[in-house]
Amino acid sequence: MDQTSVFIVSAPSGSGKSTLVERLLSSVPGLTFSISYTTRSPRGHEKNGQDYCFIRTEEFQAMIERGEFLEWAVLFGKDYYGTARHFLEEARRQGHDLVLDIDVQGAAQIKQKLPDAASIFILPPSREALGARLRGRGEDAEEVIQRRLGRAAGEIEDYCKYDYVIINDRIEQAAGKLCAIVLATRLTRQTAAGADPAANDPQAKHWLELAQACRTASINRHVQPILETFSSSLK
Ligand code: 5GP
């Protein structure tokens, strides 16, 4: 039986996903982060082999031909992004779980190949909050911010394809939820069929309840008002 769980995390740009993933990796042991390959240029302080493996388009295409990717996608009409199989193999060898920070297209490919993977969508609390965060980063011109907001409106409609949704209104709470999803998944995996994963363990019960509350079906009614802040801005 495969003891490695795969966690897919997706979000519109500016939703605080990188911070949440960093918190997860520093709080929960036994996780391997998959460093994606991309053909886009490094930004700011990004380091090759740490944030991404930056490669040329010809190299990326050769990797596709050799079947080295678990999934790959072309984003923004030009840049290739992909998850290399060797990260999953490495996680399996080490008995770790694997965390992927990938887009919606990649998430769908992984779910097809690995149906047990847990997919998590991070949502900003509103369009206004996302706009404020993007402006606060001071990285982009207003025109670029408007484009990112427009794209986010399309991306967030895909939230319903994910197993879990985390609304990132308060970073501490959102980080706690992400950790709880990972820990609850592990607990459930390690518990024999029919047994109670939280038997006599209040901490385990807390993780399971927190994770359950993030299930897409449980959180739907909280998501609708957020979607409305995005759709009303398109009118
Ligand atoms: P950025 O260029 O801003 O770092 O990332 C742009 C988008 O690419 C983000 O949504 C990120 O999750 C996604 N992404 C990063 N790595 C991969 C990957 O390996 N595969 C796919 N499909 N998407 C990725």
Side-chain angles (χ1 to χ4, degrees), residues 6-25 31-57 59-64 66-91 98-114 117-124 130 133-141 144-159 161-166 168 174 178 230:
V6 174
F7 297 94
I8 304 164
V9 186
S10 303
S13 139
S15 306
K17 175 183 55 177
S18 308
T19 310
L20 291 176
V21 169
E22 274 166 30
R23 297 272 181 114
L24 171 69
L25 297 174
L31 292 174
T32 294
F33 180 70
S34 162
I35 301 167
S36 292
Y37 284 74
T38 184
T39 59
R40 81 150 163 79
S41 308
R43 284 196 293 251
H45 297 292
E46 285 180 338
K47 288 205 180 73
N48 189 24
Q50 193 172 312
D51 300 284
Y52 281 101
C53 297
F54 295 99
I55 59 173
R56 288 179 298 117
T57 305
E59 290 177 75
F60 199 103
Q61 286 166 341
M63 285 180 74
I64 296 175
R66 293 197 297 267
E68 290 181 24
F69 288 116
L70 260 183
E71 65 75 33
W72 62 272
V74 177
L75 271 75
F76 320 120
K78 58 183 170 51
D79 299 317
Y80 286 83
Y81 291 78
T83 304
R85 283 181 194 282
H86 68 81
F87 280 103
L88 179 60
E89 288 155 12
E90 187 56 32
L98 185 68
V99 179
L100 310 179
D101 168 350
I102 59 175
D103 85 319
V104 171
Q105 304 170 65
Q109 293 176 51
I110 296 286
K111 276 295 231 182
Q112 213 166 30
K113 288 188 182 147
L114 305 168
S119 58
I120 304 149
F121 198 87
I122 314 285
L123 265 182
L130 183 60
R133 232 177 258 165
L134 288 171
R135 286 185 192 97
R137 298 205 300 205
E139 281 177 3
D140 299 309
V144 177
I145 290 173
Q146 289 304 327
R147 252 203 324 267
R148 284 187 192 273
L149 287 170
R151 202 166 55 226
E155 286 168 347
I156 63 173
E157 287 184 2
D158 284 320
Y159 85 92
K161 298 179 183 158
Y162 284 70
D163 300 313
Y164 298 94
V165 177
I166 296 176
N168 189 12
L178 185 55
F230 280 89

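Both counts, for ligands and for their atoms, begin at 1 and track the order of listing. Residue indices begin at 1 and follow the sequence shown. All figures in this text were calculated on a predicted structure; none of them were measured in a lab.
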Looking at Asp163 and Ser119, would you say the former's side chain and the latter's main chain have a donor-acceptor pair under 3.5 Å? yes
Any donor-acceptor N/O pair, Lys17 side chain to Val9 backbone, under 3.5 Å: no
Could you tell me whether Lys161 atom NZ has more than 12 heavy atoms of other residues or ligands within 6.0 Å of it? no
Using side-chain heavy atoms (C-beta onward) and a distance below 4.5 Å, is Ser13 in contact with Leu134? yes
Mind listing the closest non-hydrogen atom pair of Glu46 and Ser41 along with its distance? OE1-O, 4.4 Å
Can you list, by chain and residue number, every protein residue with a non-hydrogen atom closer than 4.0 Å to ligand 1?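 These residues qualify: Lys17, Ser36, Arg40, Arg43, Tyr52, Glu71, Ala73, Leu75, Phe76, Tyr81, Gly82, Thr83, Asp101, Ile102, Asp103, Gly106.
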Checking ring-ring contact (aromatic ring centres under 6.0 Å, His included) against Phe121, which of Tyr162, Tyr159, Phe7 comes through? Tyr162
